[in-house]
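Report on the structure given below.
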Amino acid sequence: MSERPQPVFRVADTGRAAAVDSRQLECFIAVAEELNINRAAVRLHMTQPPLTRRIQRLEHDVGVELFRRTPAGMELAEAGQILLERAYRIVTLSARAVERTRQASIGEVGHLSVGYYDSAILDAIPAIVSEFRHQHPDIKVSFELVPNRAQVDYLRDKLLHVGFGRDYPQQQGVVCRTVAVENLYVAVGEPSALASGRPVTVADLRGRPLVVYPASRPGFADDVIRMCRSAGFSPVIAVEADDVVACLAYVAIGEAMAVVPSSATRTRPHGVTFVPLGGAPPATLECISLAANAAPALALFTRFLDHRCDALKAEKVLRTVRNSIGHQ
């Protein structure tokens, strides 16, 4: 019979909530990442006994066991895993609050925080932001890689002003704008019969192993699956990759092929060819923001996006009219 994991620290049931200071969280994060008290103490430039006492006090304050001892060492308990995720956000919030205060003190109020999680960071997103910066050169912009599923939390915590991605679910108070569409391509390893130069259609993907991304849903992977099912077949999913970079790495090693937006073709992994996918619906890039966020830089950016969208619609109508006149 296997040995049952035992608590590393004994916890008293306080029956009440208690405030946790930032130093306790730093100590907890270090122990949670190292899973070794001695290594965590060295990392924190302190000795082991006071670190142990801090963790004991933290467990006493929150009223749950955060760590367990196992035959292999120590591990996070389920409550510890939840606290670790929250602790990362709290520490980030504190650091951002200090930075925002510093920016305000020296007059850097024109700052736009942009989150992204898509290959569009290679193409459409910088093109949009560059156009915005051309109109508002005093606005400073920072980019941060944030998964789609976490972006709304980052918006609510005011860690981001906007997020770029695809397939956002509807959420109260969140404004979602379509800002770009991209044609689809098939990424294939070399050599490949699909890279022969002839047109490739969705039907050509039937029975062929595919890499889809992201593994977390909803996301672009769902668009690819729906596209195949609309063509009358269920795709063969060989791998679910975390992001487009990992997706193309799987293609490069011959694991499978992948459907990607045109922005992914900006990368040129060794041994990968991109073939246009004819007759496929384009991929939509979206931008989300909070309706209640009154930050000046965000107001300028959302106004810019709305005007840009109106201009693109007018241009499309004008192009349609010109084409119809030309065919008469």
Side-chain angles (χ1 to χ4, degrees), residues 17-22 24-26 28-29 32 62 64 78-105 108-118 120-121 124-126 128-129 132 136 139-180 214-222 242-243 284-306 308-309:
V20 177
D21 63 49
S22 60
Q24 277 181 303
L25 288 181
E26 290 175 1
F28 167 70
I29 290 172
V62 300
V64 294
E78 182 177 354
Q81 294 172 347
I82 294 173
L83 179 60
L84 180 61
E85 180 180 333
R86 302 297 190 274
Y88 283 139
R89 288 182 60 192
I90 292 169
V91 170
T92 301
L93 276 169
S94 299
R96 292 291 179 81
V98 171
E99 177 61 16
R100 292 289 172 81
T101 301
R102 185 198 67 79
Q103 290 173 345
S105 69
E108 292 183 7
V109 293
H111 177 257
L112 185 72
S113 299
V114 177
Y116 70 92
Y117 190 71
D118 195 84
I121 191 62
I125 296 173
I128 291 169
V129 174
F132 170 72
H136 303 280
I139 301 292
K140 296 182 180 295
V141 176
S142 60
F143 292 106
E144 183 168 352
L145 177 64
V146 181
N148 276 26
R149 64 183 182 278
Q151 286 185 10
V152 172
D153 287 336
Y154 274 61
L155 292 176
R156 297 193 193 284
D157 291 338
K158 297 187 177 179
L159 298 176
L160 293 177
H161 291 116
V162 296
F164 284 93
R166 308 182 196 274
D167 297 284
Y168 293 106
Q170 287 188 342
Q171 297 192 56
Q172 186 174 3
V174 178
V175 180
C176 183
R177 294 172 171 84
T178 298
V179 294
S216 58
R217 306 295 175 80
F220 181 65
D222 299 294
D242 287 334
D243 55 32
T284 300
L285 178 67
E286 298 168 330
C287 179
I288 58 171
S289 60
L290 289 186
N293 191 333
L298 175 60
L300 288 173
F301 188 66
T302 53
R303 193 177 306 128
F304 158 79
L305 290 179
D306 291 338
R308 181 178 180 273
C309 181

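As the structure is a prediction and not an experimental result, all values here were calculated from the model. All values below were derived from every heavy atom in this structure, side-chain atoms included, with hydrogens, water molecules and symmetry-related copies excluded.
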For this session: Take Phe164 and Ile121 through the side-chain contact (heavy atoms from CB on, under 4.5 Å) test and state the conclusion after the steps.
Result: CA-CA 9 Å; Phe164 284 93; Ile121 191 62; over 6 Å; no
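- For the pair Val175 and Thr302, the minimum side-chain heavy-atom distance is 4.5 Å or more.
- To the nearest 0.5 Å, the span separating SG on Cys287 from OH on Tyr168 amounts to 7.5 Å.
- A heavy-atom distance below 4.5 Å is found between the side chains of Ile128 and Phe304.
- Within the 4.5 Å cutoff, the side chain of Leu145 has heavy atoms near those of the Tyr117 side chain.
- Qualifying side chain to side chain donor-acceptor pair (under 3.5 Å) partners for Asp242, counting only residues two or more places apart in sequence or in other chains: none.
- Remark: the backbone N or O of Gly219 is paired with a side-chain donor or acceptor of Asp222 at under 3.5 angstrom.
- Looking at Val174 and Arg156, their side chains come closer than 4.5 Å, going by heavy atoms from C-beta outward.
- Note: Leu83 CG to Ile29 CD1 = 8.5 Å, rounded to the nearest 0.5 Å.
- Under the side chain to side chain donor-acceptor pair (under 3.5 Å) criterion, Asn148 pairs with no residue, sequence neighbours left out.
- Inter-residue side-chain proximity for Phe301 and Ile139 is flagged as unmet; no heavy-atom pair is nearer than 4.5 Å.
- Contact detail for Ser289 and Arg177: the closest heavy-atom pair is OG-NH1, 3.5 Å.
- Residues Pro214 and Ala221 come closest through the heavy atom pair O-CB, 3.9 Å.
- With sequence neighbours excluded, no residue forms a side chain to side chain donor-acceptor pair (under 3.5 Å) with Gln81.
- Within 6.0 Å of the CZ atom in Arg149, the count of heavy atoms belonging to other residues, nucleotides or ligands does not exceed 12.
- The line from CG of Leu298 to CG of Leu290 is 8.0 Å long, rounded to the nearest 0.5 Å.
- Here the CG-CG distance, from Leu159 to Asp153, works out to 9.5 Å after rounding to the nearest 0.5 Å.
- Annotation for Gly165 and Leu285: closest pair O-CD1, 3.6 Å, computed over non-hydrogen atoms.
- Looking only at side-chain heavy atoms (C-beta outward), Ile288 and Cys176 come within less than 4.5 Å of each other.
- Side-chain N or O atoms of Arg166 include one that pairs as donor or acceptor with a backbone N or O of Thr284 at under 3.5 Å.
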For this session: List the steps and the verdict of side-chain contact (heavy atoms from CB on, under 4.5 Å) for Ser142 and His111.
Result: CA-CA 8 Å; Ser142 60; His111 177 257; 3.1 Å; yes
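- Side-chain contact between Leu300 and Leu112 is absent, with no heavy-atom pair separated by less than 4.5 Å.
- In this structure, Arg308 contributes its side chain and Val179 its backbone to a donor-acceptor pair below 3.5 Å.
- Residues Val141 and Val114 form a side-chain contact, since some pair of their non-hydrogen atoms from C-beta on lies under 4.5 Å apart.
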